[in-house]
There are 2 protein chains.
Amino acid sequence: MSTATARDRLIDTAQELFAARGVGATSPRAVLAASGVGQGSLYHHFPTKHDLAVAAVGATVEDALARAMHDLRGESPAVRRVVDYLERPRDALAGCRIGRHTSDQAVMDDEGLRDVVTAYFVRLLGVLTEAFREAGLPDDAAGDRAHAALAIVQGGYVLARATQDPDALTAAVRGFVGLLTQKESM
Amino acid sequence: MSTATARDRLIDTAQELFAARGVGATSPRAVLAASGVGQGSLYHHFPTKHDLAVAAVGATVEDALARAMHDLRGESPAVRRVVDYLERPRDALAGCRIGRHTSDQAVMDDEGLRDVVTAYFVRLLGVLTEAFREAGLPDDAAGDRAHAALAIVQGGYVLARATQDPDALTAAVRGFVGLLTQKESM
DNA sequence: GTCTATAAGTTGATAGAC
DNA sequence: GTCTATCAACTTATAGAC
């Protein structure tokens with residue numbers, strides 16, 4: 001339906017399949033079938049599955065970072081921005097499109113691909129740490145609290161998938177935000 | 001060098017491989033090779049991969065629950081027990097042996113197998129909620145805080161794997177415990 | 001750039017001897 | 001109960017025509 005190039009259609013389809021099933025469990029053939037592109041085209045644009053995965057996961061990381069930065073880099077007070085980020089609506093039962101790859105051997109055994117995932121989390125942790133510093137915490141405590149905040153989101157996804165209950169993620173966020181916003185939260 | 005039966009060796013080996021690579025990425029052949037058991041024996045004891053997975057993941061869940069209950073069911077004050085559970089040493093870079101399965105389609109698409117994973121988390125959430133209730137929180141808040149506590153552990157594993165840094169898990173725990181143990185934490 | 005055909009290896013599982 | 005041999009389907013590609 002699109003005037004999109006074969007390459008773009010391959011990346012779009014791969015992003016969706018990798019997010020839904022993981023990289024290891026998604027065959028190049030599955031991407032071909034879902035995208036409607038021919039076999040030769042895939043291997044023309046992406047000689048190996050690794051190349052396709054780096055392109056698709058890289059695109060997903062860029063999208064996710066852009067959205068996160070929108071929440072975390074606003075005008076409101078630092079803790080408010082973190083809470084906005086934590087409380088943003090998420091498709092909990094689908095799991096995190098990027099965090100899920102940490103359990104995928106096809107990703108973790110591939111250095112270039114793993115680096116893409118690492119960069120996403122390092123970047124998020126950096127911005128969250130900066131926010132907590134801005135809120136007045138010393139460096140060590142700001143880093144620890146940033147790790148806790150991001151762990152709440154990632155762990156909330158795991159709990160939601162495990163219990164098949166999307167509210168498990170929102171409950172984890174509520175529990176954390178409750179502690180975060182009580183008086184003397186420093 | 002064991003007198004263990006072929007069946008026991010198969011379950012032990014499968015537990016390790018499923019924990020390290022996931023169920024979907026571990027072939028019955030890999031379990032055979034690592035256990036030293038013959039092909040016929042596997043399919044005698046476990047007619048399908050599903051049967052092996054239910055036995056192996058079920059055994060892992062039982063082990064993990066027993067250890068968690070040891071921490072969470074002691075004599076000390078409720079919040080102290082939760083903190084002991086959170087601060088217990090963990091092999092962060094290996095990831096959670098059970099939580100990782102929430103990203104494994106081979107597990108999540110198999111109802112019986114998924115139920116084993118669900119039961120583990122429902123049980124843990126129940127015990128954690130009870131502890132926070134015992135600490136004086138009303139039911140809703142106790143449930144939310146229990147979700148947050150367990151999300152910290154699961155999310156901490158994800159962050160440690162993503163950044164290839166085991167201290168990412170301990171940092172998340174420190175950040176959460178800091179909030180948890182400040183005055184007026186109710 | 002895109003296609004169809006095909007290769008060599010692996011997957012989950014079965015057959016049938018011992 | 002345990003073994004080796006084998007299976008059809010699928011995996012990640014490659015070959016070569018259009």
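No experiment lies behind these values; they were computed from the predicted model shown. Within every chain, numbering begins at 1; the chains are lettered A, B, ... in the order of the sequence lines, protein sequences first and strands thereafter.
A cation-pi contact, defined as under 6.0 Å to the ring centre and within 45° of the axis, is absent between A:Arg29 and A:Tyr43.
The pair B:Asp139-B:Arg133 meets the salt-bridge criterion, since a charged nitrogen lies less than 4.0 angstrom from a carboxylate oxygen. Between A:Arg174 and A:Asp167 there is a salt bridge, with a side-chain nitrogen of the basic residue lying less than 4.0 Å from a carboxylate oxygen of the acidic one.
Atom-to-atom, OH of A:Tyr43 to P of D:dA13 comes out at 5 Å; the value is rounded to the nearest Å. We find that CZ of A:Arg7 is positioned 11 Å from P of C:dT2, with the value rounded to whole Å. One atom, CG of B:Asp51, and another, C1' of C:dG12, lie 13 Å apart when rounded to the nearest Å. Distance B:Asp109 CG to C:dG12 C1': 16 Å, rounded to the nearest Å. In this structure, A:Phe46 atom CZ and C:dG1 atom C1' are separated by 13 Å, rounded to whole Å. Look at NE2 on B:His45: it is 9 Å from P on D:dC3, rounded to the nearest Å. At whole-Å resolution of the value, NE2 in A:His44 and C1' in C:dT4 are 17 Å apart. Residue A:Asp8 contributes atom CG, which lies 13 Å from atom P of C:dG1 at whole-angstrom precision.
With no hydrogens or angles considered, no side-chain donor-acceptor pair links A:Thr118 and A:Asp115 at under 3.5 Å.
The side chain of A:His50 places no N or O atom within less than 4.0 Å of a non-bridging phosphate oxygen (OP1 or OP2) of D:dT12. OP1 or OP2 of D:dT11 has at least one side-chain nitrogen or oxygen of A:Ser27 nearer than 4.0 Å. Residue A:Ser41 has no polar side-chain atom (N or O) positioned under 4.0 Å from OP1 or OP2 of C:dG1.
Here A:Gly40 lies in heavy-atom contact (under 4.0 Å) with a base.
Between A:Asp84 and the choices A:Arg88, A:Arg81, A:Arg80, the side-chain hydrogen bond (donor to acceptor under 3.5 Å, both in side chains) rule is met once, by A:Arg80.
When each of A:Gly38 and B:Pro28 is assigned the nucleotide of DNA chain C bearing its nearest heavy atom, the one mapping closer to the 5' terminus is A:Gly38.
The nucleotide whose nearest atom lies closest to any side-chain atom of B:Thr48 is, among C:dT2, D:dT12, C:dA13, C:dA13. Distances were taken from every side-chain heavy atom of B:Lys49 (C-beta onward) to each of D:dC3, C:dA13, C:dC3; the shortest belongs to C:dA13. Nearest to the side chain of A:Gln39, among C:dA13, D:dG1, C:dT6, sits C:dT6.
One donor-acceptor pair, N or O on each side, does fall under 3.5 Å between the base of D:dT12 and the side chain of A:Arg29.
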